[in-house]
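The block underneath contains the structure these notes are about, expressed in structure tokens.
In the text below, chain A, chain B and the rest are named by the order of the sequence lines, each starting its count at 1.
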There are 2 protein chains.
Amino acid sequence: MDQRPRRVTINDIAAATGFAASTVSRALSRPGRVNAVTRDAITQVARSLSYVPNTHARALTSGRTETVAVLVSDVTNPFYFGLIRGTQHQLKAAGYAHLLIDSENSGGLESHMLTKMRQSIDGAILAASRLPDRLLAALAAELPIVAINRNVHGVPSVLIDSPSGVAQATEHLISLGHREIAYLSGPENSWANAARWRALVTTAARHGLPVRRLGPFPADRMNGSAAADALINTNVTACITFNDLLAIGVLARLHERGVNVPGQISIVGCDDIFGADFCHPTLTTLTAPIEQAGQVAVSMLLTRLHEGAPTTRQSIVLPTHLTVRDSTGPAPD
Amino acid sequence: MDQRPRRVTINDIAAATGFAASTVSRALSRPGRVNAVTRDAITQVARSLSYVPNTHARALTSGRTETVAVLVSDVTNPFYFGLIRGTQHQLKAAGYAHLLIDSENSGGLESHMLTKMRQSIDGAILAASRLPDRLLAALAAELPIVAINRNVHGVPSVLIDSPSGVAQATEHLISLGHREIAYLSGPENSWANAARWRALVTTAARHGLPVRRLGPFPADRMNGSAAADALINTNVTACITFNDLLAIGVLARLHERGVNVPGQISIVGCDDIFGADFCHPTLTTLTAPIEQAGQVAVSMLLTRLHEGAPTTRQSIVLPTHLTVRDSTGPAPD
DNA sequence: CTGAAAGCGCTAACAT
DNA sequence: ATGTTAGCGCTTTCAG
């Protein structure tokens, strides 16, 4: 009674219409290859029997699964919320299923999951992959992938142009009179972290200004305390933080320790995640189009899947802009 | 060259070991049914060939897919972040794949996706289903499901006990001297919304106090403005909000209009989502164990799948508690 | 305990 | 344009 009630198959439709199973198959999956009237007859019967094609049988023969895996390094990180939203949306529009995988910040788990799932998916989106360049490139040779915020030769990717955003942020701080700026560093193995630091160094150098690098700090709210304490020990009047999560943590700790933001120190975040506009004070940050990044990544992947084109080395860079809120202000005298 | 490099199958292992394919199959999926030494030989060869079983072939014959769908009504809503984290974690631990589906607040899309996916999944977790009771019950008869925050006869579920939390919150407000409390209502078709409202009414009545119901408001930050404005038009000194998202929106609007919280009005949220502890002022709210809800839901589903037991009508209620922060205070004189 | 054989539902050559 | 015939890789009777 709890048994699955014997689904209707392509053969049932064949029997009902008098056509061969293969014709039914064609009519349903390659409508062009079949006479219009037989196609209509078949579609009609299929509908009336409420036929649903069996994904597995289809995948088994065709190799296509209409499923894309989205790997994030930590589902918990609100940065991914927007991204997941973007991939989810775009994938659904294309009729693809969305397999969510959390690699728990581990390259090992990442590649393990990927090999395990290889035949269950047509491709994958790797957000913030923890895989070393070589492995990533090797993987890309076996499986269509698109990386987000990761620039490796031979791996199509969607990059968020934080460098130019960081440059803007730096100019913003300098124009407010800040002469010494610190960078609160995120994970050492993060591509974005390195890119942001470099951009800060470059821009500050152009103005003949020194920068300090503090950290690394794991990029979560908790570690904002350590970061804030480190910050207080310096005499910088402004800092750019690896990401908003960390920045929000810093803000909380600074408040706790009675340091006024932006009165005594200005804070800039990165990403503009959920919360950046309602924390206290609201956070000046680099707004990254992360939902769009998810969408674009999916589009690239899908194109690749459909064209069959190797599409090596294709990369798209998405712009960021500085969103000024209340956490930055004039340097104290 | 881009062709998938011909995966190793059970037959390769059979050839390599000299055993029949069926024996290999058994050794790999039902180790008990096979001689220890042949099993070891087979496992060994399988490993050395880095064999990965084909999900689809397996699903096709066995009917099992080791995949569970998690349906949320809106991936964007931070309430689901914790939930997804919980399901993701638990599912992965059990070796199941996690299929994320966004039903976009539409019952139609919800059931459509579910029928389409029926043979691709072993079961589903429905978070905040928009399906009418009857359809939900019918669905549960066909497919193992566990509902979250939805109480329908015959559908196993995980319920978050907001009623007792709301009661606590109400007592909290009354003890602070508030004599007239409003409820900012969420979507009318939400089970949780109804439950919360009832709990407020009951508790207030016990103290002989009136309550006002405002709304309904779509439960997102945007609509916090409308909700706040409606609130200002009353002369209540405190309100309980359907959820934190709405509450955070209300806080922002109140601030904008110069209304002091909690000086002039106290606000209580529900759920304790990401952000509730760092918005301004920090939000007094009902802390719901939503990550745990996800975990429990998965456990229930998995038990059901493995025991094969119909497990009708099993429900688990998870407790909530009031987390007092800065958005509530004594009633103004 | 192990092997042989028969499919699961569908697609993809190959014929017609 | 349609039908025939083989499987895809695996599990599962059913024998031995």
For this session: Sugar-phosphate means primed atoms, P, OP1 and OP2; the rest is base. With that split, encode nucleotides 8-16 of chain D 5' to 3' as B, S or - using protein heavy atoms under 4.0 Å.
Result: BBBBBB---

For this session: Would you check if Ser103(B) and Val72(B) make a side-chain contact, meaning some heavy-atom pair closer than 4.5 Å?
Result: no

Exercise. Less than 4.0 Å between a side-chain N and a carboxylate O, is that true for Asp133(B) and Arg150(B)?
Worked result: yes

For [Y], does its backbone N or O pair with a side-chain atom of [X] as donor and acceptor, under 3.5 Å?
X        : Y        : answer
His89(A) : Arg85(A) : no
Asn11(A) : Ala21(A) : no
Ser29(B) : Ser25(B) : yes

For this session: Test Glu110(A) against Arg130(A) for salt bridge (charged side-chain N to carboxylate O under 4.0 Å, His left out), laying out the working first.
Result: CA-CA 8 Å; Glu110(A) 189 175 340; Arg130(A) 294 296 191 242; over 6 Å; no

For this session: Let me see the working for Lys92(B) and Glu104(A) under salt bridge (charged side-chain N to carboxylate O under 4.0 Å, His left out), right down to the final yes or no.
Result: CA-CA 11 Å; Lys92(B) 188 167 53 182; Glu104(A) 290 173 5; 2.8 Å; yes

Problem set entry | Aromatic plane relationship, Phe81(A) with Phe81(B) - under 30° parallel, 30 to 60° tilted, over 60° perpendicular |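 The arrangement is parallel - the two ring planes meet at less than 30°.
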
Problem set entry | Nucleic acid contacts of residues 32-45 of chain B, taken as heavy-atom distances under 4.0 Å to DNA chain C |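 Contacts with DNA chain C under 4.0 Å: Arg33(B), Val34(B), Asn35(B), Thr38(B).
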
For this session: List the steps, then state whether side-chain contact (heavy atoms from CB on, under 4.5 Å) holds for Thr23(A) with Val34(A).
Result: CA-CA 8 Å; Thr23(A) 305; Val34(A) 117; 4.0 Å; yes

Exercise. Among Ile84(A), Val70(A), Ile101(A), which residue meets the side-chain contact (heavy atoms from CB on, under 4.5 Å) test with Leu100(B)?
Worked result: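 Between Leu100(B) and the candidates, side-chain contact (heavy atoms from CB on, under 4.5 Å) is satisfied uniquely by Ile84(A).
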
Exercise. For DNA chain C, which nucleotides open and close the run of contacts to chain A, 5' to 3', at under 4.0 angstrom from a non-hydrogen atom?
Worked result: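 That gives a stretch of dG9(C) to dA13(C).
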
